[in-house]
J.: 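Starting off with a structure, shown below.
What you see below is based on every heavy atom in this structure, not just the backbone, and it leaves out hydrogens, waters and symmetry mates.
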Amino acid sequence: MNDSGKPVLAVDWGRKRLGLAVSDPNLTLARPLEVIAHISRGKDAERILKIAQDNNVGMIIVGVTYDDNCTPTYSGRSAMRLLEEIRNSGSIPVVAWNEEGSTRAAISSRVKIGSSRKKRKGHHDSIAAAIFLQNFLDSELEK
(Lines give C-alpha, C1' and ligand atoms only; values in the text may rest on other atoms or scores of the structure.)
Protein backbone atom coordinates (compact mmCIF):
# COMPACT_ATOMS: atom_id res chain seq x y z
CA MET A 1 0.00 0.00 0.00
CA ASN A 2 0.92 3.61 -0.36
CA ASP A 3 2.26 4.65 3.05
CA SER A 4 3.54 8.02 1.88
CA GLY A 5 0.40 10.04 2.72
CA LYS A 6 0.24 10.96 -0.96
CA PRO A 7 -2.64 10.41 -3.38
CA VAL A 8 -2.95 7.32 -5.57
CA LEU A 9 -3.43 7.64 -9.34
CA ALA A 10 -5.52 5.03 -11.20
CA VAL A 11 -5.16 4.30 -14.92
CA ASP A 12 -7.96 2.66 -16.91
CA TRP A 13 -6.27 1.36 -20.08
CA GLY A 14 -8.10 1.42 -23.40
CA ARG A 15 -7.09 1.02 -27.04
CA LYS A 16 -8.07 4.60 -27.82
CA ARG A 17 -8.16 6.38 -24.45
CA LEU A 18 -6.79 6.13 -20.94
CA GLY A 19 -8.98 7.20 -18.04
CA LEU A 20 -7.27 8.67 -15.01
CA ALA A 21 -8.56 9.12 -11.49
CA VAL A 22 -6.88 10.32 -8.31
CA SER A 23 -7.51 9.86 -4.61
CA ASP A 24 -7.40 12.47 -1.90
CA PRO A 25 -4.21 12.53 0.23
CA ASN A 26 -6.08 10.75 3.06
CA LEU A 27 -6.71 7.81 0.69
CA THR A 28 -10.43 7.74 1.35
CA LEU A 29 -12.08 9.20 -1.78
CA ALA A 30 -11.46 8.74 -5.51
CA ARG A 31 -12.44 11.22 -8.17
CA PRO A 32 -12.20 11.19 -11.98
CA LEU A 33 -9.26 13.27 -13.16
CA GLU A 34 -9.04 13.26 -16.95
CA VAL A 35 -9.03 11.21 -20.13
CA ILE A 36 -5.99 11.16 -22.37
CA ALA A 37 -5.78 9.86 -25.92
CA HIS A 38 -3.67 6.74 -26.43
CA ILE A 39 -0.58 7.49 -28.52
CA SER A 40 1.98 4.75 -27.82
CA ARG A 41 2.95 2.81 -24.73
CA GLY A 42 6.09 4.91 -24.21
CA LYS A 43 4.36 8.26 -24.74
CA ASP A 44 1.41 7.19 -22.59
CA ALA A 45 3.74 6.18 -19.74
CA GLU A 46 5.57 9.51 -20.04
CA ARG A 47 2.31 11.48 -19.85
CA ILE A 48 1.00 9.39 -16.94
CA LEU A 49 4.21 9.94 -14.98
CA LYS A 50 4.01 13.69 -15.64
CA ILE A 51 0.40 13.79 -14.42
CA ALA A 52 1.42 11.70 -11.39
CA GLN A 53 4.19 14.20 -10.56
CA ASP A 54 1.84 17.16 -11.05
CA ASN A 55 -0.57 15.57 -8.55
CA ASN A 56 2.16 14.58 -6.05
CA VAL A 57 1.15 10.91 -6.36
CA GLY A 58 2.76 8.24 -4.18
CA MET A 59 1.47 5.20 -6.09
CA ILE A 60 -0.07 4.33 -9.46
CA ILE A 61 -2.54 1.49 -9.98
CA VAL A 62 -3.31 0.18 -13.45
CA GLY A 63 -6.60 -1.57 -14.07
CA VAL A 64 -6.24 -5.07 -15.48
CA THR A 65 -9.01 -7.45 -16.55
CA TYR A 66 -8.69 -11.17 -15.82
CA ASP A 67 -10.43 -14.26 -17.16
CA ASP A 68 -12.05 -17.00 -15.06
CA ASN A 69 -8.62 -18.62 -14.50
CA CYS A 70 -7.20 -15.38 -13.01
CA THR A 71 -5.07 -14.87 -16.13
CA PRO A 72 -5.01 -11.40 -17.72
CA THR A 73 -7.31 -11.14 -20.74
CA TYR A 74 -6.08 -9.77 -24.08
CA SER A 75 -6.75 -6.19 -22.96
CA GLY A 76 -5.42 -7.07 -19.51
CA ARG A 77 -2.09 -8.10 -21.06
CA SER A 78 -1.96 -4.76 -22.88
CA ALA A 79 -2.61 -2.97 -19.58
CA MET A 80 0.19 -5.03 -17.98
CA ARG A 81 2.60 -3.94 -20.73
CA LEU A 82 1.68 -0.31 -20.00
CA LEU A 83 2.18 -0.97 -16.29
CA GLU A 84 5.70 -2.30 -16.98
CA GLU A 85 6.50 0.72 -19.16
CA ILE A 86 5.39 3.11 -16.41
CA ARG A 87 7.34 1.11 -13.80
CA ASN A 88 10.51 1.07 -15.93
CA SER A 89 10.26 4.77 -16.81
CA GLY A 90 9.76 6.26 -13.35
CA SER A 91 10.35 5.80 -9.67
CA ILE A 92 6.73 5.81 -8.45
CA PRO A 93 5.50 2.35 -7.32
CA VAL A 94 3.07 0.83 -9.85
CA VAL A 95 0.72 -2.11 -9.16
CA ALA A 96 -2.01 -3.96 -11.04
CA TRP A 97 -5.60 -3.93 -9.79
CA ASN A 98 -8.56 -5.99 -11.02
CA GLU A 99 -10.85 -3.49 -12.70
CA GLU A 100 -13.52 -5.97 -13.72
CA GLY A 101 -16.89 -4.34 -14.26
CA SER A 102 -15.74 -0.76 -13.68
CA THR A 103 -16.91 0.49 -17.09
CA ARG A 104 -20.36 -1.09 -16.60
CA ALA A 105 -20.49 0.47 -13.14
CA ALA A 106 -19.54 3.87 -14.61
CA ILE A 107 -22.38 3.68 -17.13
CA SER A 108 -24.79 2.51 -14.44
CA SER A 109 -23.81 5.38 -12.15
CA ARG A 110 -24.54 7.87 -14.92
CA VAL A 111 -27.96 6.30 -15.43
CA LYS A 112 -28.68 6.50 -11.68
CA ILE A 113 -27.88 10.21 -11.51
CA GLY A 114 -30.23 10.88 -14.40
CA SER A 115 -27.77 11.68 -17.19
CA SER A 116 -29.52 11.81 -20.53
CA ARG A 117 -28.85 9.03 -23.03
CA LYS A 118 -26.95 11.55 -25.18
CA LYS A 119 -24.62 12.49 -22.29
CA ARG A 120 -24.10 8.82 -21.41
CA LYS A 121 -22.66 8.24 -24.89
CA GLY A 122 -19.50 10.07 -23.80
CA HIS A 123 -16.34 8.53 -22.46
CA HIS A 124 -16.56 6.63 -19.20
CA ASP A 125 -12.83 6.00 -18.83
CA SER A 126 -12.05 8.40 -15.97
CA ILE A 127 -15.23 7.41 -14.12
CA ALA A 128 -14.29 3.73 -14.50
CA ALA A 129 -10.82 4.54 -13.14
CA ALA A 130 -12.40 6.32 -10.16
CA ILE A 131 -14.63 3.30 -9.48
CA PHE A 132 -11.80 0.77 -9.34
CA LEU A 133 -9.61 3.25 -7.45
CA GLN A 134 -12.37 3.57 -4.84
CA ASN A 135 -12.54 -0.25 -4.66
CA PHE A 136 -8.77 -0.30 -4.10
CA LEU A 137 -8.97 2.38 -1.38
CA ASP A 138 -11.86 0.61 0.36
CA SER A 139 -10.02 -2.73 0.32
CA GLU A 140 -6.92 -1.12 1.82
CA LEU A 141 -8.98 0.48 4.60
CA GLU A 142 -10.38 -2.95 5.51
CA LYS A 143 -6.88 -4.39 6.07
Side-chain angles (χ1 to χ4, degrees), residues 1-66 70-143:
M1 173 57 167
N2 172 22
D3 296 324
S4 66
K6 294 182 176 182
V8 175
L9 180 73
V11 179
D12 181 42
W13 180 88
R15 279 182 271 240
K16 295 180 182 180
R17 292 173 303 278
L18 300 145
L20 304 178
V22 68
S23 75
D24 65 321
N26 296 326
L27 307 176
T28 54
L29 293 173
R31 68 174 171 82
L33 186 61
E34 64 182 284
V35 175
I36 59 175
H38 166 66
I39 298 172
S40 70
R41 198 173 15 248
K43 294 276 188 197
D44 295 346
E46 192 177 293
R47 290 167 64 208
I48 290 164
L49 286 165
K50 171 76 170 99
I51 291 166
Q53 289 171 335
D54 291 347
N55 286 277
N56 195 30
V57 164
M59 174 185 266
I60 299 171
I61 63 170
V62 176
V64 177
T65 52
Y66 297 91
C70 298
T71 303
T73 63
Y74 175 79
S75 64
R77 290 189 299 275
S78 294
M80 289 298 290
R81 287 190 291 274
L82 174 63
L83 180 151
E84 289 301 324
E85 186 73 29
I86 297 167
R87 186 178 282 158
N88 293 334
S89 300
S91 59
I92 299 170
V94 186
V95 298
W97 184 257
N98 186 347
E99 60 105 5
E100 184 66 33
S102 61
T103 300
R104 281 188 303 276
I107 294 167
S108 176
S109 70
R110 292 182 94 177
V111 169
K112 286 179 185 173
I113 64 169
S115 291
S116 69
R117 188 175 295 269
K118 184 177 179 179
K119 287 184 181 177
R120 290 194 311 257
K121 281 187 158 188
H123 308 303
H124 309 288
D125 309 278
S126 63
I127 296 170
I131 288 169
F132 74 77
L133 175 54
Q134 190 65 56
N135 291 340
F136 171 81
L137 297 172
D138 292 347
S139 76
E140 290 298 316
L141 283 174
E142 291 174 5
K143 288 184 179 177

J.: Would you give me the side-chain donor-acceptor pairs under 3.5 Å for residues 24-33, sequence neighbours excluded?
T.:
{"residue": "D24", "atom": "OD1", "partner": "L27", "partner atom": "N", "Å": "3.3"}
{"residue": "D24", "atom": "OD1", "partner": "T28", "partner atom": "N", "Å": "2.8"}
{"residue": "D24", "atom": "OD1", "partner": "T28", "partner atom": "OG1", "Å": "3.4"}
{"residue": "D24", "atom": "OD1", "partner": "L29", "partner atom": "N", "Å": "2.8"}
{"residue": "D24", "atom": "OD2", "partner": "T28", "partner atom": "OG1", "Å": "3.0"}

J.: Mind checking whether E140 and V8 have side chains closer than 4.5 Å, heavy atoms only?
T.: no
J.: How long is the gap from CG on L137 to CZ on F132, to the nearest 0.5 Å?
T.: 11.0 Å
J.: About how many Å separate CD1 of I51 and CD1 of I60, when rounded to the nearest 0.5 Å?
T.: 9.5 Å
J.: Which residues pass the salt bridge (Lys or Arg N to Asp or Glu O under 4.0 Å) test with E46, not counting sequence neighbours?
T.: none
J.: Sequence neighbours left out, what passes side chain to side chain donor-acceptor pair (under 3.5 Å) with N55? Give chain and number order.
T.: none
J.: Considering all heavy atoms of both residues, which atom of I36 and which atom of R47 are nearest to each other, and what is their separation?
T.: CB-NH2, 3.1 Å
J.: Kindly state each residue pair satisfying ring-ring contact (aromatic ring centres under 6.0 Å, His included) with at least one member in residues 74-99, sequence neighbours excluded.
T.: W97-F136
J.: So, for P7 and V22, which heavy atoms are closest and what is the spacing to 0.1 Å?
T.: CB-CG2, 3.8 Å
J.: Looking at every heavy atom in both A37 and D44, which two are closest together, and how far apart are they?
T.: O-OD1, 3.9 Å
J.: At their closest point, which heavy atom of G58 faces which heavy atom of P93, and how far apart are they?
T.: O-CD, 3.4 Å
J.: Dump the intermediate steps for side chain to side chain contact (heavy atoms under 4.5 Å, CB included) on V11 and L20, then the final yes or no.
T.: CA-CA 5 Å; V11 179; L20 304 178; 3.7 Å; yes
J.: Test of understanding: with side chain to side chain donor-acceptor pair (under 3.5 Å), list the residues that count as partners of S89, not counting sequence neighbours.
T.: none
J.: Hey, can you pull the donor-acceptor pairs under 3.5 Å for the side chains in residues 75-84, sequence neighbours left out?
T.:
{"residue": "S75", "atom": "OG", "partner": "T65", "partner atom": "OG1", "Å": "3.2"}
{"residue": "S75", "atom": "OG", "partner": "T73", "partner atom": "OG1", "Å": "3.4"}
{"residue": "R77", "atom": "NH1", "partner": "P72", "partner atom": "O", "Å": "3.0"}
{"residue": "S78", "atom": "OG", "partner": "R81", "partner atom": "NH2", "Å": "3.1"}
{"residue": "E84", "atom": "OE2", "partner": "R87", "partner atom": "NH1", "Å": "3.0"}

J.: Return the set of residues passing side chain to side chain donor-acceptor pair (under 3.5 Å) with E85 (not counting sequence neighbours), or none when no residue passes.
T.: none
J.: Closest heavy-atom contact between A129 and D12?
T.: CB-CB, 3.9 Å
J.: Roughly how far apart are L9 CG and S23 OG, rounded to 0.5 Å?
T.: 9.0 Å
J.: Under the salt bridge (Lys or Arg N to Asp or Glu O under 4.0 Å) test, which residues partner K43, sequence neighbours left out?
T.: none
J.: Might you point out which heavy atoms bring H38 and R41 nearest each other, and give the distance in Å?
T.: CE1-N, 4.2 Å
J.: Measuring from atom CD1 of I92 to atom CD of Q53, what distance do you get when rounded to the nearest 0.5 angstrom?
T.: 6.0 Å
